[in-house]
K.L.:
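Structure below; questions to follow.
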Amino acid sequence: QVQLAESGGGLVQAGGSLRLSCAASGRTFTSYVMGWFRQAPGKEREFVAGIRWSSGSTLYADSVKGRCTISRDNAKNTVYLQMNSLKPEDTAIYYCAARSGGTVYASTQQYDYWGQGTQVTVSS
């Protein structure tokens, strides 16, 4: 059973940084793609970034490109999302997701496993 546990959210001022973590367990993830999504109040869940575990290839949403970096630590089975220059519009619940396969998709429908989410609040 795949389990994903996010951590690292919190309250930060605009311009600040946060690093989110997603601890993955339940199987070997070398053939998986890991994604970060977010959902703001009243809005649909949207793609933020994704990484192919085996190769480390990445994909970013235009809204975070240049400000966020997704990475993974094979030894810790953990995926990170480093977020810099945070803006109030980045406020949302951030979710970690996983899918078996080699393609990084931006659609929530392509992901089979989800964490419970971690709240990120950016104050102006």
Side-chain angles (χ1 to χ4, degrees):
Q1 180 73 12
V2 173
Q3 291 187 324
L4 305 174
E6 304 96 334
S7 61
L11 174 63
V12 64
Q13 288 188 335
S17 298
L18 279 175
R19 188 178 78 157
L20 306 183
S21 300
C22 172
S25 62
R27 62 188 59 177
T28 303
F29 289 91
T30 50
S31 62
Y32 276 66
V33 163
M34 307 298 291
W36 283 99
F37 291 77
R38 66 186 182 186
Q39 189 166 16
K43 294 188 177 182
E44 292 187 353
R45 194 170 297 188
E46 65 175 6
F47 175 79
V48 177
I51 186 167
R52 184 177 178 181
W53 200 292
S54 58
S55 66
S57 59
T58 59
L59 179 69
Y60 295 93
D62 288 342
S63 59
V64 303
K65 200 171 292 183
R67 299 190 297 122
C68 291
T69 303
I70 187 171
S71 62
R72 84 272 191 245
D73 185 323
N74 291 333
K76 295 182 178 180
N77 249 22
T78 299
V79 176
Y80 302 99
L81 184 67
Q82 177 68 43
M83 303 188 294
N84 301 322
S85 302
L86 283 163
K87 306 174 183 180
E89 51 263 45
D90 294 317
T91 295
I93 299 174
Y94 283 70
Y95 297 91
C96 179
R99 65 176 300 272
S100 178
T103 303
V104 181
Y105 290 107
S107 170
T108 58
Q109 296 180 351
Q110 297 293 336
Y111 290 80
D112 303 307
Y113 307 99
W114 294 85
Q116 294 299 308
T118 184
Q119 176 71 48
V120 171
T121 303
V122 184
S123 62
S124 57

K.L.:
Whether R45 engages the ring of F37 as a cation-pi pair (distance to the six-membered ring centre under 6.0 angstrom, angle to the ring normal within 45°) should be assessed.
P.N.:
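Judged by the rule, R45 and F37 form no cation-pi pair.
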K.L.:
Between N74 and W53, does the side-chain contact (heavy atoms from CB on, under 4.5 Å) criterion hold? Intermediate values first, please.
P.N.:
CA-CA 8 Å; N74 291 333; W53 200 292; 2.5 Å; yes
K.L.:
Check K65 with D62, please: is the shortest side-chain N to carboxylate O separation under 4.0 Å?
P.N.:
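A salt bridge is present here (some side-chain N lies under 4.0 Å from a carboxylate O).
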K.L.:
Is it true that, when you exclude Q119 itself, more than 12 heavy atoms of the residues, nucleotides or ligands shown sit nearer than 6.0 Å to its CD?
P.N.:
yes
K.L.:
Return the OG1 to OH distance between T108 and Y95, rounded to the nearest 0.5 Å.
P.N.:
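Answer for the OG1-OH pair, T108 versus Y95, is 11.5 Å.
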K.L.:
With respect to C22, which candidate in L4, L81, I70 satisfies the side-chain contact (heavy atoms from CB on, under 4.5 Å) definition?
P.N.:
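With C22 as partner, L4, L81, I70 yield a single side-chain contact (heavy atoms from CB on, under 4.5 Å), made by L4.
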K.L.:
Got a second to check how far I51's CD1 is from F29's CZ, nearest 0.5 Å?
P.N.:
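It comes to 14.0 Å.
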K.L.:
Looking at OG of S100 and OH of Y113, how far apart are the two atoms once the value is rounded to the nearest 0.5 Å?
P.N.:
7.5 Å
K.L.:
List in chain and number order the residues that pass ring-ring contact (aromatic ring centres under 6.0 Å, His included) with Y60, two or more places apart in sequence or in another chain; answer none if no residue qualifies.
P.N.:
none
K.L.:
Once side-chain contact (heavy atoms from CB on, under 4.5 Å) is applied, do any residues pair with A14, and if so which ones, sequence neighbours excluded?
P.N.:
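side-chain contact (heavy atoms from CB on, under 4.5 Å) check on A14 returns P88, V122.
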K.L.:
Can you measure from CG (N77) to OG1 (T28) and round to the nearest 0.5 angstrom?
P.N.:
7.5 Å
K.L.:
Whether the R38 and Y94 side chains hold a donor-acceptor pair (N or O, under 3.5 Å, no angle test) is what I'd like checked.
P.N.:
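Short answer, yes.
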K.L.:
Check whether any side-chain heavy atom of F47 sits under 4.5 Å from a side-chain heavy atom of V104, and report yes or no.
P.N.:
yes
K.L.:
side-chain contact (heavy atoms from CB on, under 4.5 Å), that's the test. Do V33 and Y111 meet it? Break it down for me.
P.N.:
CA-CA 9 Å; V33 163; Y111 290 80; 3.7 Å; yes
K.L.:
Membership question, hydrophobic clusters at under 4.5 Å side-chain separation (ILVMFWY): are V64 and V12 in the same one?
P.N.:
yes
